[in-house]
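Worksheet: the structure to be examined is printed underneath.
First the proteins, then the strands, lettered A, B, ... as listed; each starts at 1.
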Amino acid sequence: MAKTLPKTDVVIVGVGWAGGIIAAELTKSGLNVVGLERGKERKTEDYFMVHDELRYGLRYELMQDLSKDTVTFRSTEKIRALPMRSYGSFLLGEGLGGAGVHWNGQTYRFLPYDFQIRTKTIERYGKSKIPDGMTIQDWGLTYDEMEPYYDKFEKLTGISGEPNPLGGKRSADYPTPPMKKSPALSMFSDAASKLKLHPYMMPSANLSEAYTNPDGISRAACQYCAFCERFGCEYGAKADPVVTVLPVALKTGKFEIRTHSHVRRILHQGGKATGVMYTDVTTGEELVQPADIVVVTSYVFNNVKLMLMSGLGKPYDPASGTGVIGRNYAYQVLKGNAAGFFDDKQFNTYAGAGSLGVTLDDYNGDNFDHTDLKFIHGGSISLSQTGMRPIANNPVPGGTASWGAAFKANSVKYANRFLSVGGQGSCMPFRHHFLDLDPTYKDAYGDPLVRLTFDFEEQDRQLALYLSGKCAEIMKEMGASHIDQLKELGPYEITTYQSTHNTGGVVMGASPDTSAVNTYLQMWDAENVFVVGASAFPHNSGYNPTDTVGALAFRAAEGIFKYRQKGGSLV
Amino acid sequence: MADPNQPGGSGRDKVEQPSRRKFLVQAGYAVGGVIVGGALGSLIRPSKKTETAPQTGEGTTAEIKNYNRAPMFFNQEQLGIVSAATERIFPADDAGPGALALGVPFFIDHQLAGEWGFNSREYMSPPFYAGEKVQGYQGRLKRREMFEIGLRELENYSQTKFTKGFAALAPEQQDEVLKAFESDEVKLTTISASGFFKMLRSSTLEGAYSDPLYGGNADMNGWKMRSYPGNQMSYADVIDKDFSVIAPSSLQDHLSAH
């Protein structure tokens, strides 16, 4: 029998960006909040030895222990899903701050087109432009409605940048100026400008200068040490929940963080949640935390799992296309790149920062005409200098053997003579891409693993090739001696790293028939449950998701506070 | 024949101890007089350690015998095969040392002895089914078991084809054997020959380029070969400049300087 703890106003499941923002906002408004985090505590001091590519980059020090929980994967419903036994395609975060600790800090706003994608696509191209099975839908709110929340997240984190010439309207400039421009970035900018494109400095959560945010939190400037993605920042220069929102929430005296607390069920009765049941992973003890409001802010897969395990919301059924939990899983189309080898120039690419880069959106969203193209949407194109660490980066020109004398000679020769221009392609949802519970495989607590059914579609194949062609045009203008580019996207495979931008499964929208949560991230089926994160995205744009996750967290916090005062549905 | 007991430059490591205190002051790691930046902020405060550390790059050197150079997992025969195979994958050339001189065989040995060898943070629960290629590794064997089998099979194949052990073959013959594994021309029942080769290749690169604390990248010679500076506190002064070579620094340098 689980032990029941004293009741709190709000319980938060997962203390990363979304959970941290909501904890800070609600405790500042006077609510009592308990944050349950299944991983361990983390602090900046832990990263004294962080410049260790093997430990963090290849042994996944900061990632979830897959022996305890993973997902199963299959390309289609026709084959048996099997566990992701080791890391590949994406990396699951764990611990205080979640994936917000080991992100790169690339902080883009989605385009106005994204939030009204269905309406705007039909308006411009007609209904037939949307292929059979593609389940794109409007988000239920517009870019203009999202704008104030984007602004809040960017001020919280101190984003360094300059306006995107092809982006939505901004109410304010970025709080800090862009990062320093390396010679490689300048080459990309110059080449793109010559091609009449619209390059701008990548919006960065690695601070360009010291910054004090509206909560009074001061952080120092980035040192371009080149260890961001998969690493924690030893300077606190990269915005993460541990150095921004969590101390603010804790200072109120109204926030209690319990680490090693793995939430397994949302308890509910008569359409309302009463609290959560969790396992203290250090003792195995089951505990019940009663609460007036339950906020689910774990990663995409676990948000879906909690809904399904708790019997909240109608599970998605791909056969009929009805139900909502697990619906509209999407990812990112990352392989549309061009690799450039420079025989007569070396670059200081050992240096860098997670979001040091230049981007352009000429081929993103609906910024270009798709009439004669066999895909919708597009992707951002960037040259980013995140730091070429030597184990993971041994590029050799196409045709070189992958080992032996020629490989070694070329990999050493080109170690500092290589640049990549990359397309970050959007990913549209399809009726047969979804998340549900695996019938066979279990986690360490006896609960089923989440099952992922996904593959690339013609949309993705066309988009990847298109982006790679555009990347190659820029690379050519940059003067590379040799260019390799994507020939064919191939099937989605879970073994090589692509992106930890998994989205959907508990999507937001205007109708309970096609969404699990409304535009305040409040569940249609349980008014005191809020599910926040990229799980709410009805599709994934051609950008990194964190700015949008942060913005949605601010909007959810506002909704939760309103709900606390008035009750009922917020829309 | 490759001799694992004579990896170049392995016996003694020079340890430099430059100070980072100066850097922290120069980098202005304080905002309006307030010290920020957790892991390093405390270093600005005067402490016994930073006060006694040299202020400039003159450093001190100490000769330390490397007792880390002994196998924890492989037997001598296995160590010999791994040494020969990794040297073919990443051979010494004009640019610099190969796998053997960098200590790659010991690196792989040490990794297999620990949690990586046991796949301890990976999902190894049954049932096991053969899957599609896109679903990734689905075997029940752990890396250390795959290595044991893979090395034995390298040896068997060499004996069958050339009537000599792998380590005793001519380099071209060794390449031929490795190619047969890489292309799955060798059919094995328990493991995938190409899967084993892939693991051997990737762990060779890990051993060549990981921080020397793991037993490979001897004297940071892997990094030096490609002008990689290793662990540096800051590139803020060079990020907007053209390429320059910066003398590498290891995590041990970082620790001993603080």
Side-chain angles (χ1 to χ4, degrees), chain A residues 43-45 47-49 51-54 58-60 65-67 70 73-75 79-80 82-86 88 180-183 210 212 218-220 223-226 234-237 346-348 350-351 390-391 394 402-405 408-409 412 415-416 440-442 491-495, chain B residues 27 29-31 34 36-40 88-91 93 95-96 98 116 119-125 127 129 131-138 175 178 201 205-206 209-211 214 222-223 225-236 238-244 251 254-255 258:
Chain A
K43 50 191 189 306
T44 303
E45 288 80 356
Y47 309 124
F48 183 61
M49 284 285 136
H51 293 175
D52 187 337
E53 184 186 9
L54 186 74
L58 290 115
R59 300 289 183 261
Y60 313 114
D65 180 346
L66 293 182
S67 74
T70 182
F73 161 67
R74 57 182 180 172
S75 311
I79 66 168
R80 188 202 311 266
L82 294 173
M84 177 174 81
R85 295 190 181 275
S86 48
K180 293 185 183 185
K181 216 168 191 176
S182 70
T212 302
S218 292
R219 290 159 42 228
Q223 295 300 312
Y224 303 87
C225 80
E234 77 268 38
Y235 293 108
Q346 292 198 77
F347 304 93
N348 56 0
Y350 48 74
I391 303 172
N394 286 284
S402 68
W403 58 279
K408 189 196 172 196
V412 170
N416 304 299
T440 307
Y441 292 96
K442 307 268 190 260
Y492 173 70
E493 40 83 19
I494 203 155
T495 56
Chain B
Y29 232 76
V31 181
V34 182
V36 295
L40 292 146
R88 291 316 300 157
I89 290 170
F90 200 75
D93 63 6
W116 186 74
N119 299 54
S120 59
R121 294 180 72 234
E122 288 162 21
Y123 192 82
M124 297 300 284
S125 305
Y129 296 104
E132 306 285 327
K133 206 175 164 202
V134 295
Q135 293 175 302
Y137 177 65
Q138 293 296 333
D175 286 356
L178 291 172
R201 177 197 178 269
L205 288 178
E206 289 174 357
Y209 293 133
S210 54
D211 190 279
Y214 293 100
W223 290 346
M225 186 161 52
R226 57 189 281 165
S227 305
Y228 181 71
N231 163 68
Q232 300 288 330
M233 298 304 300
S234 175
Y235 294 117
V238 300
I239 189 68
D240 50 0
K241 309 270 189 325
D242 281 328
F243 176 79
S244 61
L251 287 171
H254 185 52
L255 181 69
H258 296 129

**Prompt:** Taking the side chain as C-beta and beyond, is there a heavy-atom pair between A/R80 and B/Y129 under 4.5 Å?
**Reply:** yes
**Item:** Closest-packed option against chain B by number of heavy-atom pairs under 4.5 Å, given A/G404, A/A226, A/S182
**Value:** A/G404
**Prompt:** In terms of heavy-atom pairs under 4.5 Å, which option from A/L82, A/N416, A/T495 contacts chain B the most?
**Reply:** A/L82
**Spatial distance of atom CD (B/E122) from atom OH (A/Y60) [nearest 0.5 Å]** = 8.5 Å
**Prompt:** Can you find a pair of side-chain heavy atoms, one from A/L54 and one from B/Y209, that are under 4.5 Å apart?
**Reply:** no
**Message:** Please enumerate all residues that pass ring pair (Phe, Tyr, Trp, His ring centres under 6.0 Å) together with A/F73, with sequence neighbours excluded.
**Reply:** A/Y492
**Asked** Do B/E132 and A/I79 come close enough that some side-chain heavy atom pair is under 4.5 Å?
**Response** yes
**Request:** Could you check if a side-chain atom of A/R74 sits within less than 4.5 angstrom of a side-chain atom of B/Q135, using non-hydrogen atoms only?
**Result:** yes
**Request:** Flag the pair B/L251 / A/F48 as yes when at least one side-chain heavy-atom distance between them is below 4.5 Å, and no otherwise.
**Result:** no
**Fill in**
One option among A/M49, A/E53, A/K442, A/M84 has the most heavy-atom pairs under 4.5 Å with chain B, and it is A/M49
**Request:** Kindly compute the distance separating CZ (A/F347) from CG (B/D242), expressed to the nearest 0.5 Å.
**Result:** 9.0 Å
**Prompt:** Any side-chain heavy atom of B/W116 within less than 4.5 Å of one from A/R59?
**Reply:** yes
**Asked** So do A/P390 and B/R226 actually touch side chain to side chain, heavy atoms under 4.5 Å?
**Response** yes
**Aromatic ring pairing A/H51/B/H254, orientation class (parallel under 30°, perpendicular over 60°, tilted between)** = parallel
**Item:** Residues forming a side chain to side chain contact (heavy atoms under 4.5 Å, CB included) with B/A95, sequence neighbours excluded
**Value:** A/V412, B/D93, B/M225
**Asked** What part of A/S86 gets closer than 4.5 Å to chain B, counting heavy atoms only: side chain, backbone, both or neither?
**Response** both
**Complete:** Honestly, the part of A/K181 sitting under 4.5 Å from a heavy atom of chain B is backbone
**Asked** Between B/Y123 and A/Y441, what is the shortest heavy-atom contact and its length?
**Response** OH-CB, 3.7 Å
**Prompt:** Can you check whether B/G96's main-chain N or O pairs, donor with acceptor, with A/K408's side chain at less than 3.5 Å?
**Reply:** yes
**Structural part of A/I494 lying under 4.5 Å from a heavy atom of chain B** = both
